Amino acid sequence: MKFVDEATIEVVAGKGGNGAASFRREKFIEKGGPNGGDGGRGGSIYAEADRNVNTLIDYRYARLHRARNGENGRGSDQYGAGGEDITLRVPVGTMIFDAETGEQLFDMKRHGEKITLAQGGPGGLGNLHFKSSVNRAPRQFTYGKEGEQRKLRLELKVLADVGLLGMPNAGKSTLITRISNAKPRIADYPFTTLHPNLGVVRSSESHSFVVADIPGLIEGASEGAGLGHLFLRHLTRTRILLHLLDVSSLDPDEDIVTKVATEARAIVEELRLYSEELYAKPRWLVLNKLDMVSDPEELKAQLLKELNWDGPVFGISALTGVGTQDLVYHLQSWLDEESRKEHIEQDIADGTHIYDERFAPD
């Protein structure tokens, strides 16, 4: 199974400006001759692969991209200005298809790769181009041509940056609905999620990341029990795991700390049995449904002591949204720093890294 991020857009390049038919008119200068300038070219639309962009979410909301037309030519040999070009930044790995025929047009595999999506129309010629020995006063000019227009489908096979991990009914689907654009089916019973749900989380105007909601795991999942084992392999390709723990209980006599700690250890053991690589991944604890606990801080302290946990931990209510924004900001900061390190390593390997002496060690 592959996660696919898609968007359909329309690109309209600018029309070229018309040429001008004009003649020089100055005192004491008879028959000054033609001086009509050419029209400016229409703006083109380009796409550029950028490793700092990892989703196509911007193009789901901005679907029409139209470049400016070129200016018309004028007299006195004045050429019209060209229309401003537009460059669309897309993630590395984006494939571009003709939305009407399905034909693949481009596969943008390298950072910095730039391609033309729609070429601007050329400007028309002014009448100064038509002057000849037999036509001293031409009145001909040509019109600018229309720019290209296309309907395109952008497709990106994405790997989730963040994987949600937890027992059935831990609140993973509710959380991904709260923080992203994903709309999984949610109900009040276990195993609601039958397949992974992928959501794009926008933390700011220019930052976003991808989160995957994996079906709940149960004890024995690494050996094929339940549903989650089918998708454990997807978790191996994420950068970080969020381990959701349901800290609520409908039974007032139940020892919730012991219950939650037992479930947490069972999940971690399934990770270890399935893959040492998965077990070694960065993992944050997320205590969900804290709004249903009478003393959240006391419960949190007891649980962390029981689990002997000294890593990052967040308390949230996925249903009401309390604490979720803080979690998103911390995730984005962590992912940005990891991306920065990876880019430096890649640039060093490619021989393109520029060392900044300000940050050199003493």
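All of these numbers come straight from a predicted model, not from anything done at the bench. Values below: all heavy atoms of this structure, side chains included; hydrogens, waters and symmetry mates excluded.
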*Is I176 linked to L335 within one hydrophobic cluster, defined over Ile, Leu, Val, Met, Phe, Trp and Tyr using a side-chain heavy-atom separation of less than 4.5 Å?*
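Shared cluster, yes.
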Assess whether atom [atom1] of [X] is packed by more than 12 heavy atoms of other residues, nucleotides or ligands within 6.0 Å.
| X | atom1 | value |
| --- | --- | --- |
| E84 | CD | no |
| F314 | CZ | yes |
| K259 | NZ | yes |
| R68 | CZ | no |

Could you give the distance from [atom1] ([X]) to [atom2] ([Y]), rounded to the nearest 0.5 Å?
| X | Y | atom1 | atom2 | result |
| --- | --- | --- | --- | --- |
| I115 | Y46 | CD1 | OH | 10.5 Å |
| D291 | T320 | CG | OG1 | 5.0 Å |
| M108 | L156 | CE | CG | 11.5 Å |
| I316 | L244 | CD1 | CG | 5.5 Å |

*Do any N or O atoms from the side chain of R66 and from the backbone of A13 form a donor-acceptor pair under 3.5 angstrom?*
no
*Just by modelled atom types, is the G123 backbone N or O under 3.5 Å from a matching donor or acceptor in the N18 side chain?*
no
Is the closest side-chain heavy-atom distance between [X] and [Y] below 4.5 Å?
| X | Y | answer |
| --- | --- | --- |
| V247 | L303 | yes |
| L242 | V162 | yes |
| Y59 | T8 | no |
| H129 | T142 | no |
| L64 | V12 | yes |
| L165 | K172 | no |
| L128 | D77 | yes |
| I96 | L117 | yes |

_Between R89 and T94: side-chain donor-acceptor atoms closer than 3.5 Å_ = no
_Pairing donors with acceptors under 3.5 angstrom, does anything connect the side chains of Q119 and S44?_
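Yes, S44 and Q119 have a side-chain donor paired with an acceptor closer than 3.5 Å.
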*Is R239 salt-bridged to E338, cutoff N-O under 4.0 Å?*
no
*Is the shortest side-chain N to carboxylate O distance from R150 to E148 below 4.0 Å?*
no
At their closest point, which heavy atom of [X] faces which heavy atom of [Y], and how far apart are they?
| X | Y | value |
| --- | --- | --- |
| A118 | V11 | CB-CG2, 4.0 Å |
| G321 | T324 | O-OG1, 2.7 Å |
| S248 | K289 | OG-CD, 3.5 Å |
| V200 | S208 | CG1-CB, 4.1 Å |
| A20 | G73 | CB-O, 3.3 Å |
| A7 | L56 | CB-O, 4.2 Å |

*Looking at I267, L278, L164, which one forms a side chain to side chain contact (heavy atoms under 4.5 Å, CB included) with L241?*
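Only one of I267, L278, L164 forms a side chain to side chain contact (heavy atoms under 4.5 Å, CB included) with L241, namely L278.
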_Going by the rule side-chain hydrogen bond (donor to acceptor under 3.5 Å, both in side chains), which residues pair with S22 if we only count those two or more places apart in sequence or in a different chain?_
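Testing S22 for side-chain hydrogen bond (donor to acceptor under 3.5 Å, both in side chains), a comparison that skips the adjacent residues, returns N35.
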*Does Y143 have any ring pair (Phe, Tyr, Trp, His ring centres under 6.0 Å) partners at least two apart in sequence or in another chain, and if so, which?*
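Once residues adjacent in sequence are excluded, the partners of Y143 under the ring pair (Phe, Tyr, Trp, His ring centres under 6.0 Å) criterion are F141.
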Sequence neighbours left out, cut at 3.5 Å: what donor-acceptor pairs do the side chains of residues 305-312 make with other protein atoms?
unit_1	atom_1	unit_2	atom_2	d
E306	OE2	R265	NH2	3.3
W309	NE1	G311	O	2.9
W309	NE1	P312	O	3.2

*List the steps, then state whether side-chain contact (heavy atoms from CB on, under 4.5 Å) holds for L152 with E10.*
CA-CA 6 Å; L152 303 171; E10 187 173 356; over 6 Å; no
